[in-house]
Amino acid sequence: MLTPVPDEDGAPFWEYAARGELRVQSCADCGELRFPPRPCCPHCQSFASAWRLMTGRGRIWSYVLPHPPLLPDYAAQPGYNAVLVELADAPRIRLAGNVVTAPDAPLNSVDPARLRIGAPVKVAFTEVDGVTVPRWLLERG
């Protein structure tokens, strides 16, 4: 799997993920949430920021099932999914990831027939090459 490369603005996201917390950057002045993280609020132009704890629940907003030829880092896991999850407590925020059967399960562990737009999911965390990444587990719904 390709591992994320944290930058200065996004570093807190990965630090919180390592603690098992899903947090989204917010403006400390106007309160608007923003993702991906960036230094300036697009709503009020403030440079003050905070990191708001999310519930970790959401729904599949969109997904794709990549087909061969796959990138070399993913070629051993055909049938994997890539999803956009709309957060339940921040509907304008969508995070990219994968739906899996368990936090450390292979990326192709979920039968693609189980995926559908609107399916409820919850976050789970696993470490990949020294970086803790969020993944998504299907919830009954």
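Minimum interatomic distance between V85 and G58 (heavy atoms only, all atoms of both residues): CG1-CA, 4.1 Å.
The closest donor-acceptor contact from the side chain of N81 to the backbone of V99 lies under 3.5 Å. Under the 3.5 Å distance criterion, the side-chain polar atoms of R38 are matched with a main-chain donor or acceptor of P36. When atom types are taken as modelled, the side chain of S109 and the backbone of T101 share a donor-acceptor pair closer than 3.5 angstrom.
Using a 4.5 Å heavy-atom cutoff, the side chains of L22 and L95 are in contact. Residues V83 and V121 are not in side-chain contact: their nearest non-hydrogen atoms beyond the backbone lie 4.5 Å or more apart. By the 4.5 Å heavy-atom criterion applied to side chains, L53 and E21 are counted as neighbours. Within the 4.5 Å cutoff, side-chain heavy atoms of L137 are placed close to those of V100. Looking at heavy atoms from C-beta onward, R135 lies out of side-chain contact with P103 at the 4.5 angstrom threshold. With contacts defined as side-chain heavy-atom distances shorter than 4.5 Å, the pair W51/P37 qualifies.
To the nearest 0.5 Å, atom OH of residue Y80 and atom CG of residue N98 are 8.0 Å apart. Atoms CD and CG, from Q45 and D29 in turn, are 11.0 Å apart once rounded to the nearest 0.5 Å. Rounded to the nearest 0.5 angstrom, E32 CD and C44 SG are separated by 8.5 Å. In this structure, CG in L87 is found 11.0 Å from CZ in R59, a value given to the nearest 0.5 Å. Atoms CG and CZ, on D89 and R52 in that order, are 9.0 Å from each other to the nearest 0.5 Å. Residue D104 holds its CG atom at 14.5 Å from CZ of F125, rounded to the nearest 0.5 Å.
Around the CZ atom of R114, the shell of radius 6.0 Å holds no more than 12 heavy atoms that belong to other residues, nucleotides or ligands.
A single hydrophobic cluster is not seen to contain both V110 and V64; linkage of ILVMFWY side chains at heavy-atom distances under 4.5 Å, directly or through other members, places them apart.
Applying the side-chain hydrogen bond (donor to acceptor under 3.5 Å, both in side chains) rule to pairs touching residues 6-20 yields nothing, sequence neighbours excluded.
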Note to self: Using side chain to side chain contact (heavy atoms under 4.5 Å, CB included), reason through L138 and I60 one step at a time and then give a plain yes or no.
What the structure shows: CA-CA 9 Å; L138 287 171; I60 296 175; 4.2 Å; yes

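W61 belongs to a hydrophobic cluster whose remaining members, ordered by chain and number, are L84; membership requires side-chain heavy atoms of ILVMFWY residues under 4.5 Å apart, directly or through intermediates.
Listed by chain and number, the residues in a side chain to side chain donor-acceptor pair (under 3.5 Å) with R57 are E139 (sequence neighbours excluded).
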